[in-house]
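Because the structure is predicted, anything quoted here is derived from the model rather than measured. Below, read A as the first sequence line, B as the second, and so on, with proteins coming before strands; counting in each chain starts at 1.
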Amino acid sequence: MADGSKTKTFIVTRFDPDRHEAPTTETYEVPVRERWKVLDALNYIKDELDPTLSHRWSCRMAVCGSCGMNVNGEPKLTCKTSLAEYGDTVRVEPLANFPVVRDLVVELDGFMDKFRAVKPWIIKAKERAVEEGPHRQSPEELEVFRQFSMCINCMLCYAACPVVANEPEFLGPAAIALGHRYNEDSRDEGARERNRIFRGEGTIFSCSYANECSEVCPKHVDPAAAINQAKFRAVLDWAASFVTSGPREE
Amino acid sequence: MEIFRHDLVVVGGGGAGLRAAIAAAESDPAARIALVSKVYPMRSHTVSAEGGAAAVARPDDSFEQHAYDTVKGSDFLADQDVVEYFVHEAPGELTRLEHWGCPWSRNEDGTVATRAFGGMATKRTWFAADKVGFHMLHTLFQHSLRFEGIVRYDEYFAVKLLVEEGRVQGVLALDVRTGELVVFAAPSTLLCTGGAGKAFPFTTNGNIKTGDGMALAYRAGVPLKDMEFVQYHPTGLPGTGILITEAARGEGGYLRNADGERFLVTRDYGVGTKAELGPRDMISRAIILEIEAGRGVQGEDGEYVLLDLTHLGEEKINTRLPFVRELALTYAGVDPVREPIPIRPVVHYMMGGIDVNIDGATDLPGLYAAGEAACVSLNGANRLGSNSLTECMVFGARSGLAALRFAREAGGVDEARLRARAEESREGVESRRGRKAGTVRISELRRRLNATMEKGCGVYRDEERMQETVATIAELRPLLSEIALEDDSRVFNTEVVAALELENLFDVAEAVAGAALARKESRGAHARRDYPNRDDQNYLHHSLVYHDPSRPRLATKPVALGRFQPEERKY
């Protein structure tokens with residue numbers, strides 16, 4: 001094309017529960033520009049070709065976590081994924097392993113429940129008063145959990161996880177990494193509580209260490225490493241409960 | 001129509017809304033608080049803030065100095081009682097976040113680290129690398145999950161404030177997932193819906209920043225204050241407008257023109273020895289003047305200047321500015337370790353907003369606002385970078401408490417009347433769905449609004465272009481009822497939401513352009529070529545814009561001065 005764009009074909013999943021028994025697809029021809037991401041093409045479709053397409057997006061800078069979708073079969077953050085990575089045909093589907101609300105929009109209720117189940121907040125035996133000032137935390141102590149605090153909840157890891165696909169009650173990569181993030185925070189005293197959750201319902205031991213979650217993570221959180229560490233700690237904690245009498249300070 | 005009964009409805013789940021909900025829930029565990037947001041709270045635009053949050057932390061700093069910097073930065077349009085309260089509360093609020101788990105970056109001795117920021121006399125900006133908004137938002141959201149009293153309504157879009165007997169008694173909202181209209185009935189409503197950068201074509205703001213709360217309040221008769229003051233952030237990526245944080249300069253980055261010259265040092269742009277750490281309004285103007293003088297670099301998305309971090313070294317960039325590196329690589333194809341980043345001024349923040357007092361209260365009983373949606377007059381004519389995240393905390397908390405207190409005193413709501421009022425609005429909302437007969441597309445009308453806002457309300461303004469913008473907005477407005485809506489599904493109909501958002505943007509744009517035209521002086525971010533000087537004699541006042549179906553009505557309000565008297569603003 002004269003303006004330096006070239007056309008790619010987008011095959012996009014369409015589903016409206018009021019109309020469709022099952023998802024269908026629609027095909028769009030989009031004149032894409034050199035630096036466009038997958039999201040730019042979806043927004044072009046929405047604005048210029050078909051305003052009935054529903055998808056979530058906001059920040060378009062890879063931090064709000066809204067725009068995760070399966071692109072050519074792989075979970076991707078569409079605002080961060082360059083169209084140059086793909087050939088002439090691009091298939092866009094909702095994230096796998098989630099119920100679909102409409103088109104490319106998936107339901108997050110189940111995830112939000114798991115998210116809350118790991119108690120993702122600082123637990124203290126005694127609350128610290130504001131007047132006491134901030135905790136001291138060395139750069140090394142921060143480094144222990146910092147990586148696991150970078151999750152943007154984009155859900156790509158759930159779409160990639162083979163265990164989530166088969167065991168819906170599995171807490172899943174992001175939620176376990178989040179619980180582990182608090183367990184590893186020098187300011188927190190809630191590891192025993194969370195380890196009980198980790199060992200109980202929604203067990204984290206289902207994880208087969210397929211590592212798919214870490215491979216698709218756009219923020220390099222490495223949830224697989226978090227799960228592995230969390231398993232180890234949860235077992236140690238459980239073993240320790242046999243050799244100590246009474247409640248133990250973490 | 002379903003009615004959800006609460007003591008307090010908080011609309012918006014970003015920094016201010018979450019802080020407000022937490023404050024209210026802490027103060028009264030029995031309070032029933034609705035947290036209503038058009039997105040899941042962790043998607044709120046607070047997430048995109050990068051550089052930091054200001055609060056006095058070091059022995060060489062003082063409340064007085066933070067207050068002075070803020071007032072001077074505001075070009076003396078901040079209310080000084082608000083500023084004094086803010087600077088005193090700021091350290092405690094950021095400490096609370098620390099207690100709740102915010103991973104603030106640390107000094108070697110384990111204390112919280114601070115960095116330099118524009119217009120601040122010393123290092124008082126707390127940071128978590130360069131993802132501060134992200135960490136603050138996630139910390140707040142995760143902490144909020146502890147409270148049984150906070151009931152989330154994710155992906156509900158607020159459509160209308162329900163006013164009965166002269167006070168707000170609820171909010172009509174669209175459940176985006178089902179397409180059903182619902183009523184949140186409560187004696188108190190707090191709007192924390194953020195700014196309206198999407199009125200402009202080139203903005204750091206995400207897609208959700210559509211001035212929803214501002215428009216809701218405006219249509220309910222509450223004035224918008226100081227709307228002419230639109231902050232252009234000096235450093236956005238050309239094309240996308242993606243934010244490159246001021247912390248890049250706080251950590252020692254330089255701005256250079258096409259000749260490689262550090263123009264803020266070699267030429268007089270009023271920033272003195274602050275150079276790259278001057279306030280945002282001045283630096284944005286300097287960049288525009290450099291480009292106009294032919295010293296910009298020509299690119300496919302217009303002219304730009306350069307943000308040079310190459311002298312900082314890879315290690316510093318990776319530890320202090322990792323997100324800047326990721327953003328520059330992903331969205332500009334540039335590695336800042338090796339080459340400078342192309343940048344240009346970009347619409348970032350609305351200093352103006354819903355007119356509220358220090359409690360976040362509007363003049364309409366039962367209606368409160370906080371955060372970017374509100375104008376509590378902390379920022380005046382120009383906000384200093386890193387004051388707004390702290391503002392969300394300080395005034396989110398205070399407004400949440402005040403709004404809950406009001407709810408206790410105001411008593412019940414008239415549900416039958418609310419239901420009737422809500423039913424009256426049903427047709428208006430539902431008729432939009434699948435209204436195929438229209439003549440104009442949402443995207444087309446949004447483009448036309450964006451274009452006129454950029455033309456008339458840019459970094460530099462003048463009478464003629466602002467007149468044209470005011471006229472164009474008035475001409476385009478009737479087209480809102482001519483929008484063609486093709487999606488007739490009830491389920492997750494984002495086209496209806498986009499149409500409602502565009503209506504909100506028109507209200508905000510009208511207020512911005514109207515207030516800008518009326519202020520015949522240059523102050524802070526409002527820079528007029530035809531009136532290049534500040535005029536304290538005639539314009540040391542806040543501007544108010546009231547909604548009126550024919551044309552907006554303008555008024556003024558005095559500025560609360562204090563110990564700092566207006567003086568020439570020079571650095």
Side-chain angles (χ1 to χ4, degrees), chain A residues 4 16-19 35 37 43 46-48 50-66 80 82 101-103 105 107-108 112 115-116 119-122 124 127-128 130-139 141-142 145-146 149-153 178 182 185 187-188, chain B residues 39-40 42-45 47-48 92 94-96 98-101 103-112 129 131 133-135 138 142-143 145-146 152 154 177 206-209 239-240 242-243 323 326-327 330-333 441-443 484-495 498:
Chain A
D16 178 351
D18 281 354
R19 291 200 174 85
R35 209 169 269 152
K37 310 299 182 197
N43 287 341
K46 178 81 177 166
D47 283 349
E48 312 299 333
D50 185 353
T52 70
L53 179 67
S54 283
H55 64 293
R56 290 189 183 107
W57 71 285
S58 180
C59 77
R60 52 75 175 99
M61 57 191 278
V63 72
C64 82
S66 304
K80 202 184 179 186
S82 177
V101 176
R102 161 115 190 245
D103 297 341
V105 176
E107 193 192 298
L108 301 180
M112 295 310 294
F115 190 84
R116 185 161 190 265
K119 302 193 175 184
W121 50 78
I122 295 282
K124 288 273 203 201
E127 297 277 334
R128 189 178 172 97
V130 172
E131 295 69 36
E132 293 174 70
H135 301 80
R136 293 256 174 157
Q137 184 171 62
S138 70
E141 287 170 323
L142 170 63
F145 72 90
R146 191 185 56 81
S149 73
M150 304 300 272
C151 171
I152 61 172
N153 310 147
L178 183 65
Y182 279 95
D185 190 322
R187 298 168 291 188
D188 181 79
Chain B
V39 292
Y40 281 85
M42 67 276 193
R43 314 303 189 204
S44 307
H45 197 67
V47 82
S48 297
L94 299 193
T95 298
R96 280 188 182 88
E98 197 277 343
H99 292 179
W100 299 341
W104 295 117
S105 292
R106 302 284 175 160
N107 298 312
E108 279 307 317
D109 66 358
T111 54
V112 172
K131 300 184 105 180
F134 162 79
H135 284 301
H138 281 249
Q142 289 159 18
H143 186 73
L145 297 173
R146 302 176 75 136
R152 284 197 344 267
D154 301 327
R177 195 189 301 190
N207 188 47
I208 57 176
K209 294 285 294 289
T240 60
I242 285 171
L243 172 69
F323 197 33
E326 178 187 326
L327 292 171
T330 310
Y331 299 101
R441 276 208 165 142
I442 291 175
S443 54
L485 290 156
E486 292 179 31
D487 189 354
D488 55 11
S489 172
R490 291 180 304 114
V491 180
F492 222 93
N493 186 326
T494 51
E495 194 189 26

Checked B:H135, B:H45, B:H143 vs chain A; the most non-hydrogen pairs under 4.5 Å come from B:H135
For A:M112, is it the side chain, the backbone, both, or neither that has a heavy atom closer than 4.5 Å to a heavy atom of chain B? side chain
Side-chain contact test, heavy atoms from C-beta onward, threshold under 4.5 Å: evaluate it for B:H138 versus B:V47 and give yes or no. yes
Measure distances from B:I442 to the heavy atoms of chain A and classify the residue's part below 4.5 Å as side chain, backbone, both or neither. neither
Using a 4.5 angstrom heavy-atom cutoff, name the option from A:K119, A:K124, A:M150 with the most pairs to chain B. A:M150
Nearest 0.5 angstrom please: B:T95 OG1 to A:E131 CD, how far? 9.5 Å
Counting only non-hydrogen atoms closer than 4.5 Å, does B:R146 touch chain A with its backbone (N, CA, C, O), its side chain (CB onward), both, or neither? both
Sort out for me which of A:S149, A:C59, A:A62 touches chain B most, counting heavy-atom pairs under 4.5 Å. A:S149
Test item: A:R56 and B:F492 side chains (from C-beta on) under 4.5 Å apart, heavy atoms: yes
Pair A:T52, A:D50: side-chain N/O donor-acceptor within cut-off below 3.5 Å: yes
Which pair of non-hydrogen atoms, one from A:D16 and one from B:S489, has the smallest distance, and what is that distance? OD2-OG, 2.9 Å
When the 4.5 angstrom heavy-atom criterion is applied to A:E127 and chain B, the contacting part is side chain
Would a distance-only check, ignoring hydrogens and angles, find a side-chain to backbone donor-acceptor pair under 3.5 Å from B:R43 to A:C64? yes
Checking A:R35 now: which residues fulfil side-chain hydrogen bond (donor to acceptor under 3.5 Å, both in side chains) with it, not counting sequence neighbours? none
Need one label for A:L178: side chain, backbone, both or neither, based on atoms under 4.5 Å from any heavy atom in chain B. side chain
Kindly compute the distance separating CG (A:N153) from CG (A:L108), expressed to the nearest 0.5 Å. 9.5 Å
Per-residue contact mode, A:E107 against chain B (heavy atom under 4.5 angstrom): side chain
Side chain, backbone, both or neither: which part of A:K46 has a non-hydrogen atom closer than 4.5 Å to chain B? side chain
Under 4.5 Å to a heavy atom of chain A? For B:R152 that would be side chain
Under 4.5 Å from a heavy atom of chain A, the part of B:K209 involved: neither
Is A:R187 close to chain B through its backbone or its side chain, or both, or neither, when contacts mean heavy atoms under 4.5 Å? side chain
Between A:W121 and A:D188 the two heavy atoms that sit nearest each other are O-OD1, 3.7 Å
Once the angle between the rings of A:H55 and A:W57 is folded into 0 to 90°, is it parallel (under 30°), tilted (30 to 60°) or perpendicular (over 60°)? parallel
Between A:V105 and chain B, with a heavy-atom cut-off of 4.5 Å, which part of the residue counts as in contact: side chain, backbone, both or neither? side chain
Does any backbone or side-chain atom of B:N107 lie under 4.5 Å from a heavy atom of chain A? Answer side chain, backbone, both or neither. backbone
B:E495: side-chain hydrogen bond (donor to acceptor under 3.5 Å, both in side chains) partners, not counting sequence neighbours: none
Just by modelled atom types, is the B:D109 backbone N or O under 3.5 Å from a matching donor or acceptor in the A:R136 side chain? yes
Non-hydrogen atoms of chain B under 4.5 Å away: do they reach the side chain of A:P17, the backbone, both or neither? side chain
Please state whether the side chain, the backbone, both or neither of B:V112 comes within less than 4.5 Å of a heavy atom of chain A. side chain
So what's closer than 4.5 Å to chain A heavy atoms on B:A484: side chain, backbone, both or neither? neither
Quick one: do A:R128 and B:E98 make a salt bridge, cutoff under 4.0 Å? no
Below 4.5 Å from any heavy atom of chain B, which atoms of A:K37 appear? Answer side chain, backbone, both or neither. side chain
Hey, does A:M61 have a side-chain heavy atom less than 4.5 Å from the side chain of B:F323? yes
Relative to chain A, which segment of B:F134 carries a heavy atom at a distance below 4.5 Å: side chain, backbone, both, or neither? side chain
Using non-hydrogen atoms and a 4.5 Å limit, figure out which bit of A:D47 sits close to chain B: side chain, backbone, both or neither. both
For the candidates B:S48, B:G110, B:A332, which exhibits the highest count of non-hydrogen atom pairs separated by less than 4.5 Å from chain A? B:G110
With chain A, which of B:G92, B:P103, B:G333 has the greatest number of heavy-atom pairs at distances under 4.5 Å? B:P103
